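Worksheet: one structure, shown below.
The figures here come from the full heavy-atom set of this structure, side chains too, leaving out hydrogens, waters and symmetry mates. The model shown is predicted, which means the values in this text are computed figures rather than measured ones.
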Amino acid sequence: MQTKEKLKQAICEAVDRRQAEIEKIGDQIMANPELGFKEFNTAQLVADTMQSCGIPHQTGLAITGVKGVIRGKNPGPTVALMGELDSLLVSDHPQADAKTGAAHACGHNAQIAGLMGAMMALVDSGAREALGGNIVIFAVPAEEYVEIEYRLDLHRKGKLSFLGGKPELIQKGHFDDVDLAAMIHTHGSPEMKKAAVVKSCNGCIVKLIRYQGLAAHAGSAPHKGINALNAAHLALAAIHAQRETFKEEDTIRVHPIITRGGDLVNVVPADVRLETFVRGRTNEAIMKANIKVDRALRAGALALGARVEINTLPGYMPLQDDRNLQKLFLENAQMLFGAEECTEAGHRTGSTDMGDISHIMPAVHPSMAGASGISHGSDFMIADRQMAYLAPAKALALMAVDLLCDNAEKAKEIMAQHKPIMSKEEYLAYQNRIFQKEIFDGQTATAKILSA
Ligand SMILES: [Zn+2]
Ligand SMILES: [Zn+2]
């Protein structure tokens, strides 16, 4: 049997040999973006690639997820290597889908390219002979928490339990056989160097809000109507008035959008809809800020005598990477790029559902360079294919080998030292408790609480 160092070298060579195929996957997904829970073509590409590598796999998990497995020669723990299938909607992005406006402005196409490259290299190098455990290759849906009305409708029809990909996969039991999880996000920030781990990320809850007023002629009889847009406008101002009360260390982010602002300009708006996240560094901070946001939302309805329906939905948990997995990632990244190209960054204020995974098992969510432009912006591009597609393929595969070689000593050691923040059951109970629908009547100043 080859030594671990030789195997790791063989993996890097295998990735380089597969360069053209890996780049083609990344470019093809970039050119064919699909929003979360609708990534059917991307999932098909993943399934076809698994097929061509002889990897047994399941499809249609949480609608579009694809899960393959590389079984090691000997039994042992299971490491999941993951990539996210979904795009965003940035309609003025040059590579946006002309019909849907979807665009890969977060680099998830590179995640899938890297994941497929890691899989190819593990297969080509014959790594399974050296593994004491299994490697799950998991293409997961819907990391971006978007199109909330659409997803809430799927939830009401019983097609989804949660509105994000990884929470849904956890709920459906697709992580039950996974012991450790790793994925690599792409970044375009020079201060993050070529490879970075972060201290933590904000978690979030998500809100879908509907103001109901009364339609009337906007010119001749506005006094007979109830203007739902004005109610929403006051609520937004009231949310902004809370900002000075948010503590710096809680890194609260509340960023509402209006998804429906009225129907016709000569009719007093009677149906106005908002969406917002309430993000923060800890779950407690999020829930405290959420109380203030709810007060602000009611205030708008109260002033105008409108009705407001506040749907509060579980979002994502704050990310807490396993420190030992971070160290292992950095060791391999330093081997690939040198220590000066790797960094440990502080808290980030975005959110990811890898946070949910990190609550129930050792997980790591580093990022690697290769992109340029503003994340989630119309100028976000893959600027360096080698860095964005091939380097993560190597880093993922090398980490998996380190974890599972030598009878999975490293994986077992990390699992033994890891204290999960929640059990799966506690996690699901926590998230399920967040579902709430409140109807506040501004005429009577009374609220009714219903389940979402
Ligand atoms: Zn994103
Ligand atoms: Zn992303």
Side-chain angles (χ1 to χ4, degrees), residues 35 89 91 100-101 145-157 160 163 204-246 252-279 286-315 434-452:
L35 284 159
L89 202 150
S91 51
T100 63
Y145 203 127
V146 297
E147 294 193 300
I148 294 157
E149 278 203 87
Y150 167 74
R151 293 186 190 179
L152 188 56
D153 192 47
L154 291 179
H155 170 77
R156 285 176 178 144
K157 287 176 178 154
L160 284 178
L163 281 69
C204 66
I205 58 168
V206 178
K207 301 177 84 78
L208 174 68
I209 301 125
R210 183 177 177 196
Y211 282 93
Q212 280 178 289
L214 188 64
H217 196 293
S220 64
H223 55 284
K224 291 184 179 166
I226 297 173
N227 192 317
L229 182 61
N230 286 344
H233 163 75
L234 283 174
L236 293 180
I239 288 170
H240 297 322
Q242 309 287 342
R243 295 195 190 277
E244 65 179 6
T245 74
F246 298 146
I252 300 295
R253 296 284 187 278
V254 186
H255 42 88
I257 60 166
I258 299 178
T259 54
R260 183 169 182 165
D263 296 315
L264 293 172
V265 68
N266 59 355
V267 177
V268 170
D271 180 358
V272 169
R273 298 178 198 192
L274 314 179
E275 292 178 4
T276 192
F277 286 8
V278 181
R279 305 191 203 234
I286 294 168
M287 297 325 275
K288 269 190 197 162
N290 182 51
I291 289 170
K292 297 178 182 180
V293 169
D294 280 348
R295 273 202 317 254
L297 293 170
R298 289 183 208 113
L302 183 65
L304 273 290
R307 241 167 66 106
V308 61
E309 186 183 300
I310 308 168
N311 280 288
T312 303
L313 306 167
I434 292 173
F435 278 110
Q436 181 182 285
K437 179 162 148 183
E438 171 179 334
I439 296 173
F440 178 80
D441 185 342
Q443 300 275 340
T444 56
T446 50
K448 245 196 302 188
I449 308 282
L450 310 160
S451 63

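The salt bridge (Lys or Arg N to Asp or Glu O under 4.0 Å) search around Asp441 returns none, not counting sequence neighbours. Scanning for salt bridge (Lys or Arg N to Asp or Glu O under 4.0 Å) contacts around Glu275 gives an empty result, with sequence neighbours left out. Ile286 pairs by the side-chain contact (heavy atoms from CB on, under 4.5 Å) definition with Ile205, Val278, Asn283, not counting sequence neighbours.
The shortest distance between side-chain heavy atoms of Leu274 and Leu236 falls below 4.5 Å. Side chains of Lys207 and Asn290 form a contact here, defined as non-hydrogen atoms less than 4.5 Å apart. By the 4.5 Å heavy-atom criterion applied to side chains, Ile434 and Thr312 are counted as neighbours. Residues Leu89 and Val146 are not in side-chain contact: their nearest non-hydrogen atoms beyond the backbone lie 4.5 Å or more apart.
When all heavy atoms of Ile310 and Ile209 are compared, the pair lying nearest together is CG2-CG1, 4.4 Å. Residues Tyr145 and Leu163 come closest through the heavy atom pair OH-CB, 3.2 Å. Leu160 and Arg151 make their closest contact through CD1-O, 4.1 Å (heavy atoms, listed as atom of the first residue, atom of the second, distance). Minimum heavy-atom separation, Ala215 to Val267: CB-CG1, 3.7 Å. Residues Tyr211 and Leu297 share a closest heavy-atom pair of OH-O, 2.6 Å. Heavy-atom minimum distance, Gln212 versus Ala228: C-CB, 4.3 Å.
Remark: Leu302 CG to Gln443 CD distance equals 10.0 Å, nearest 0.5 Å. The distance from the CZ atom of Arg253 to the CZ atom of Phe246 is 11.0 Å, given to the nearest 0.5 Å. Rounding to the nearest 0.5 Å places CG of Leu154 at 9.5 Å from CD of Glu147. Atom-to-atom distance recorded for Glu438:CD and Asp294:CG is 6.0 Å, nearest 0.5 angstrom. For the atom pair Asn311 CG and His155 NE2, the distance stands at 9.0 Å (nearest 0.5 Å). Atoms NE2 and OG1, from His255 and Thr276 in turn, are 6.0 Å apart once rounded to the nearest 0.5 Å.
Screening residues 231-242 for side chain to side chain donor-acceptor pair (under 3.5 Å), with sequence neighbours left out, gives His240-Arg243. Among pairs with a residue in residues 208-229, those fulfilling salt bridge (Lys or Arg N to Asp or Glu O under 4.0 Å) read Arg210-Asp271, at least two apart in sequence or across chains.
Within the 3.5 Å criterion, the main-chain N or O of Ile439 finds no donor-acceptor partner in the side chain of Glu309.
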Using a 3.5 Å cut-off and no angle test, enumerate the donor-acceptor pairs between side-chain atoms of residues 256-266 and protein atoms at least two apart in sequence or in another chain.
unit_1 : atom_1 : unit_2 : atom_2 : d
Thr259 : OG1    : Arg273 : O      : 3.4
Arg260 : NE     : Asp263 : OD1    : 3.2
Arg260 : NH2    : Asp263 : OD1    : 2.7
Arg260 : NH2    : Asp263 : OD2    : 3.4

